[in-house]
Amino acid sequence: MAATAYLFPGQGAQYVGMGQSLYDAYDEAAARIDTANEVLGFDLRALMFGTADVDDPEAALTATEVTQPALYTHSLAAMAVLRAHGAAPSMVAGHSLGEYSALAAAGALSFDDGLRLVRRRGELMAEAGKRRPGTMAAVLGADDEAVETACTAATDAGEGVVQPANFNAPGQIVISGDVEAIERATERLDARTIPLSVSGAFHSPLMDYAREGLASALEAVTISKPQCPVYLNVTAKPTADPDEIRQRLLDQLQSPVRWAQLLRAMEADGATRFVEIGAGSVLQGLVKRTLGRDAERKGVDTADDCAAFLDEIAASA
């Protein structure tokens, strides 16, 4: 059975000006962004739009504790417009931070609770990165097994740890951990490696400091049964179980994002169209790399994107 999967981007997709065209064009989007300002108690809108009184708007938006609420709010602003016009997904997934956006889009989290969670998650991850500095690197051209083997050998060979953090697409994997261990792993790989500019070793044991705080934050919110299946980062499998969702959100801090596996599972379960909801087009590229160039994909980022998608849905009704 044909189905539409909605995908939600994670950290790295942000850009100055994000959400502004949606805010200007749609009351539903404006209400979401204005609510975010009220819930957070600071001017997220100005940081997203680049109108804040800061010396470097891009750097201000890139701070983890700002980026995560900004990406979440942008995605949910777009979703508010789509929902108001009757558009709904058959299944959802989000990349890392985007998993929270996916859960809110599917009704498992309220907008306000999800926003508070991602803010707290961003704060905890930023602090974890300061307490135990680490890094991440992209590995291009190696298969999953080779990367896992190199990470295990590098961890066993000296001080520090390294592990796969994101299985983004075939031949596109990110590793995460202590700087020395990352260096040992890359030396063992017959592949191109690119150091990433990040504030911490996300999806690795170096995020241990953040775990207790996030566990407390997750226990404090209500997680409801989602209105459609949510494909989880940690398992690459769908669930509608609130208890599993809560546990896997916690596990995700230190576990790999199995994005390529997740996309294949969605396709196997009937997804024929993949729609990226929020900033940028990174996930559309990963769909192409993982499922092939014939996989139907599109993005809903700007007001023009939103209008075009709604017109398409109306035409096919």
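The main-chain N or O of Ala77 is never found under 3.5 Å from a side-chain atom of Arg32 such that the two would form a donor-acceptor pair. A donor-acceptor pair under 3.5 Å is formed between the side chain of Asp56 and the backbone N or O of Ala59. Side-chain N or O atoms of Asn168 include none that pairs as donor or acceptor with a backbone N or O of Val174 at under 3.5 Å. Panel note: side chain Arg246, backbone Val221; a donor-acceptor pair is recorded below 3.5 Å. Not a single donor-acceptor pair under 3.5 Å links the side chain of Asp178 to the backbone N or O of Glu159. The backbone N or O of Arg297 lies less than 3.5 Å from no partner atom in the side chain of Gln284, so there is not a single donor-acceptor pair. The closest donor-acceptor contact from the side chain of Glu65 to the backbone of Arg119 lies at 3.5 Å or more, if one exists at all. Using a distance-only test at 3.5 Å, with no hydrogens or angles considered, no donor-acceptor pair links the side chain of Glu127 to the main chain of Met125. Without hydrogens or angle criteria, Thr4 side chain to Pro89 main chain gives no donor-acceptor distance under 3.5 Å. Under a 3.5 Å cut-off, the side chain of Asn37 and the backbone N or O of Leu44 do form a donor-acceptor pair.
Heavy-atom minimum distance, Glu28 versus Ala84: OE2-CB, 3.5 Å. Considering every non-hydrogen atom in both Ser90 and Pro229, the closest pair reads O-CD, 3.4 Å. Contact between Ala60 and Val54 at its shortest, heavy atoms only, is CB-CG2, 4.1 Å. The minimum heavy-atom distance between Ala236 and Leu262, with the atom names listed, is CB-N, 3.6 Å. For the residue pair Ala181 and Gly160, the shortest heavy atom distance occurs at CB-C, 3.9 Å. Across all non-hydrogen atoms, the minimal contact from Ala106 to Cys228 is CB-SG, 4.1 Å.
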Do any side-chain atoms of residues 140-149 form donor-acceptor pairs under 3.5 angstrom with protein atoms, and if so which ones, sequence neighbours left out?
{"unit_1": "Asp143", "atom_1": "OD1", "unit_2": "Glu145", "atom_2": "N", "d": "3.3"}
{"unit_1": "Asp143", "atom_1": "OD1", "unit_2": "Ala146", "atom_2": "N", "d": "2.7"}
{"unit_1": "Thr149", "atom_1": "OG1", "unit_2": "Glu145", "atom_2": "O", "d": "2.9"}

Side chains of residues 300-307: which donor-acceptor pairs under 3.5 Å do they make with residues two or more places apart or in other chains?
{"unit_1": "Asp301", "atom_1": "OD1", "unit_2": "Tyr15", "atom_2": "OH", "d": "2.7"}
{"unit_1": "Asp301", "atom_1": "OD1", "unit_2": "His74", "atom_2": "NE2", "d": "3.3"}
{"unit_1": "Asp301", "atom_1": "OD2", "unit_2": "Tyr15", "atom_2": "OH", "d": "3.3"}
{"unit_1": "Asp301", "atom_1": "OD2", "unit_2": "Gly280", "atom_2": "N", "d": "3.0"}
{"unit_1": "Thr302", "atom_1": "OG1", "unit_2": "Asp304", "atom_2": "N", "d": "3.4"}
{"unit_1": "Thr302", "atom_1": "OG1", "unit_2": "Asp305", "atom_2": "N", "d": "3.2"}
{"unit_1": "Thr302", "atom_1": "OG1", "unit_2": "Asp305", "atom_2": "OD2", "d": "3.2"}
{"unit_1": "Asp305", "atom_1": "OD2", "unit_2": "Asp301", "atom_2": "N", "d": "3.1"}
{"unit_1": "Asp305", "atom_1": "OD2", "unit_2": "Thr302", "atom_2": "N", "d": "3.0"}

Which atom pairs, donor and acceptor, lie under 3.5 Å between side-chain atoms of residues 107-116 and protein residues at least two apart or in another chain?
{"unit_1": "Ser110", "atom_1": "OG", "unit_2": "Asp113", "atom_2": "N", "d": "3.0"}
{"unit_1": "Ser110", "atom_1": "OG", "unit_2": "Asp113", "atom_2": "OD2", "d": "3.4"}

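With no hydrogens or angles considered, no side-chain donor-acceptor pair links His203 and Ser255 at under 3.5 Å. Side-chain N/O atoms of Gln11 and Thr64 include a donor and acceptor closer than 3.5 Å. For the residue pair Arg289 and Gln172, a side-chain donor N or O sits within less than 3.5 Å of a side-chain acceptor on the partner. Side chains of Glu244 and Thr239: a donor-acceptor N/O pair is present below 3.5 angstrom, by distance only. Under 3.5 Å, the side chains of Gln247 and Asp243 contain no donor-acceptor pair of N or O atoms.
Considering only heavy atoms from C-beta on, Gln254 comes within 4.5 Å of Asp208 through its side chain. Taking 4.5 Å as the limit, every side-chain heavy atom of Glu99 sits out of range of all side-chain heavy atoms of Val234. In this structure, the side chains of Leu71 and Met18 come closer than 4.5 Å at one or more pairs of heavy atoms. Arg132 is not listed as a side-chain neighbour of Tyr209, based on a closest heavy-atom distance of 4.5 Å or more. Proximity of Pro9 to Val282: side-chain heavy atoms (C-beta onward) are nowhere separated by under 4.5 Å. Contact check for Phe309 versus Lys298: side-chain heavy atoms found under the 4.5 Å cut-off. Between Gln14 and Met48 the shortest side-chain heavy-atom distance does not fall below 4.5 Å. Residues Leu76 and Ser101 form a side-chain contact, since some pair of their non-hydrogen atoms from C-beta on lies under 4.5 Å apart.
Under the 4.5 Å side-chain heavy-atom criterion for ILVMFWY residues, a single connected hydrophobic cluster contains both Tyr26 and Phe49. Side-chain heavy atoms closer than 4.5 Å link hydrophobic residues (I, L, V, M, F, W, Y) into clusters, and following such links, possibly through other members, connects Val92 to Met79. Transitive grouping of hydrophobic side chains (ILVMFWY, heavy atoms separated by less than 4.5 Å) keeps Ile182 and Phe202 in distinct clusters. No continuous path of hydrophobic side-chain contacts links Leu291 to Ile173 [ILVMFWY only; heavy atoms under 4.5 Å].
Within 6.0 Å of atom CZ in Arg83, more than 12 heavy atoms from other residues, nucleotides or ligands are found, so the atom counts as buried in its surroundings. At most 12 non-hydrogen atoms from other residues, nucleotides or ligands lie less than 6.0 angstrom from CD of Glu212. Heavy atoms from other residues, nucleotides or ligands lying under 6.0 Å from CG of Asp24 number more than 12. Atom CG of Asp311 is surrounded by more than 12 heavy atoms from other residues, nucleotides or ligands within 6.0 Å.
With values rounded to the nearest 0.5 angstrom, Thr193 atom OG1 is found 10.0 Å from Glu183 atom CD. Interatomic distance, OH of Tyr100 versus OG of Ser75, reported as 14.5 Å (0.5 Å rounding). Between atom CD1 of residue Ile245 and atom CG of residue Leu250 there is a gap of 14.0 Å, rounded to the nearest 0.5 Å. Separation of atoms CD1 (Ile175) and CE (Met136) is listed at 9.5 Å; rounding is to 0.5 Å. Rounded to the nearest 0.5 Å, atoms CZ (Arg188) and SG (Cys151) are 10.5 Å apart. To the nearest 0.5 angstrom, Arg45 atom CZ is 9.0 Å from Glu38 atom CD.
The existence of a salt bridge linking Arg211 and Asp251 is confirmed by a sub-4.0 Å separation between a basic side-chain nitrogen and an acidic carboxylate oxygen. Comment: Lys288 does not engage Glu296 in a salt bridge, judged by the lack of any side-chain N to carboxylate O separation of less than 4.0 angstrom.
For residues 241-294, the set of pairs meeting the ring-ring contact (aromatic ring centres under 6.0 Å, His included) definition, not counting sequence neighbours, comprises His95-Trp259.
Judged as a salt bridge (charged side-chain N to carboxylate O under 4.0 Å, His left out), and not counting sequence neighbours, the contacts of Arg120 are Glu123. The side-chain contact (heavy atoms from CB on, under 4.5 Å) check on Thr290 picks up Ala169, Pro170, Ala260, Leu263, Arg264, with sequence neighbours excluded.
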**OP:** Let me see the working for Arg184 and Val162 under side-chain contact (heavy atoms from CB on, under 4.5 Å), right down to the final yes or no.
**Re:** CA-CA 9 Å; Arg184 291 196 298 271; Val162 57; over 6 Å; no
Subject >> Derivation and outcome, side-chain contact (heavy atoms from CB on, under 4.5 Å), residues Leu7 and Val287 >> reply: CA-CA 10 Å; Leu7 309 177; Val287 169; 3.7 Å; yes
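Here Phe8 and Tyr72 keep their ring centres 6.0 angstrom or further from each other.
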